[in-house]
Amino acid sequence: MRAISLLEAIGGAKGFIFYSFFDLKRAPLTQADFDRRWPELCRVGQLLRDLEPFLLSETPSLELKLESVKGQVQAREFRDATGRTRLLICATDSEPAEAVITSTAPQALKSLYGKCEALGGGKYRFRAAGVESDVLAGD
């Protein structure tokens with residue numbers, strides 16, 4: 001769910017509507033299934049809320065230099081009104097993916113989900129086992 005939401009943001013989405021309540025309540029799912037799934041949904045909602053100043057910023061988002069090593073990866077860099085940076089990255093296939101992304105951010109970025117490693121010089125290596133995502137943050 002996080003990966004598809006970030007992929008939509010990379011593609012330019014400014015608003016997100018989720019509707020899947022029947023999946024949370026449908027038999028034979030149990031209350032335990034709902035209790036496990038609901039926090040996951042809330043975490044994605046919170047991530048999108050945290051990204052709001054970046055996705056809705058008047059500062060244009062930036063396409064990045066992306067060197068694909070394997071698989072399919074998309075990325076886009078966003079800045080808020082104060083110059084903070086968020087770089088969204090998503091592997092878009094079920095196959096393993098790897099890419100080196102060069103950021104234009106003036107500061108070092110940190111991986112929020114552990115899928116990226118800093119290579120120096122504004123470059124970051126993203127690795128995914130399938131459809132996965134990461135956010136690099138710079139404040």
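Heavy-atom basis, side chains included; hydrogens, waters and symmetry copies ignored.
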By side chain to side chain contact (heavy atoms under 4.5 Å, CB included), Glu40 pairs with (sequence neighbours left out) Arg36, Arg37, Arg43
For the residue pair Ala128 and Ala91, what are the closest heavy atoms and their distance? CB-CB, 3.7 Å
N/O donor-acceptor pair under 3.5 Å between Ser5 side chain and Glu8 backbone: no
For a side-chain contact (heavy atoms from CB on, under 4.5 Å) check, start with the C-alpha distance between Val135 and Arg86, then their side-chain angles and the critical distance, and finish with the verdict. CA-CA 7 Å; Val135 176; Arg86 295 296 180 270; 4.1 Å; yes
Side chains of Arg84 and Ser57: do they bring a donor and an acceptor to under 3.5 Å? no
Could you report the tightest heavy-atom contact between Ala97 and Val73, atom names first, then the distance? CB-CG2, 3.7 Å
Which heavy atom in Ala3 sits nearest to a heavy atom in Cys90, and how many Å separate them? O-SG, 3.4 Å
Examine distances only and state if a side-chain atom of Asp80 and a backbone atom of Pro53 form a donor-acceptor pair shorter than 3.5 Å. no
First locate atom OG1 of Thr92, then atom CG of Leu7, and finally report the distance between them rounded to the nearest 0.5 Å. 6.5 Å
With sequence neighbours left out, what residues match Lys110 under salt bridge (charged side-chain N to carboxylate O under 4.0 Å, His left out)? none
Quick check: does any side chain N or O of Tyr124 sit under 3.5 Å from a backbone N or O of Leu109, one acting as donor and the other as acceptor? yes
Identify whether Leu87 and Leu62 are in the same connected component of the hydrophobic contact network (ILVMFWY, side-chain heavy atoms under 4.5 Å). no
Between the side chains of Ser103 and Glu77, is a donor N or O closer than 3.5 angstrom to an acceptor N or O? yes
Pairwise distance CD(Glu98) to CD(Glu67) - rounded to 0.5 angstrom: 11.0 Å
Salt-bridged, Arg127 to Glu117, with N to O below 4.0 Å? yes
Apply side-chain contact (heavy atoms from CB on, under 4.5 Å) to residues Ile89 and Leu66 and explain how you reach the verdict. CA-CA 10 Å; Ile89 310 163; Leu66 190 144; 5.8 Å; no
Mind running side-chain contact (heavy atoms from CB on, under 4.5 Å) on Leu55 and Phe16 for me, showing each step along the way? CA-CA 11 Å; Leu55 301 179; Phe16 301 85; 3.9 Å; yes
Looking at Tyr113, is its backbone amide N or carbonyl O close enough to the side chain of Asp134 to form a donor-acceptor pair, meaning the two atoms are under 3.5 Å apart? yes
If we ignore hydrogens and angles and just use 3.5 Å, is the side chain of Arg2 paired with the main-chain N or O of Ser133 as donor and acceptor? yes
Does the side chain of Thr59 pick up a donor-acceptor pair with the side chain of Arg79 at under 3.5 Å? no
Could you tell me the separation between the OG1 atom of Thr82 and the CG atom of Asp139, rounded to the nearest 0.5 Å? 8.0 Å
Any sub-3.5 Å donor-acceptor pair from Gln107's side-chain atoms to Gly138's backbone N or O? yes
Can you name the closest pair of heavy atoms from Ala9 and Leu88 and give their distance? CB-CD1, 3.7 Å
Begin from the C-alpha positions of Leu51 and Phe78 and carry the test side-chain contact (heavy atoms from CB on, under 4.5 Å) through to its verdict. CA-CA 9 Å; Leu51 290 173; Phe78 297 84; over 6 Å; no
Working to the nearest 0.5 Å, report the span between NZ of Lys123 and SG of Cys116. 14.5 Å
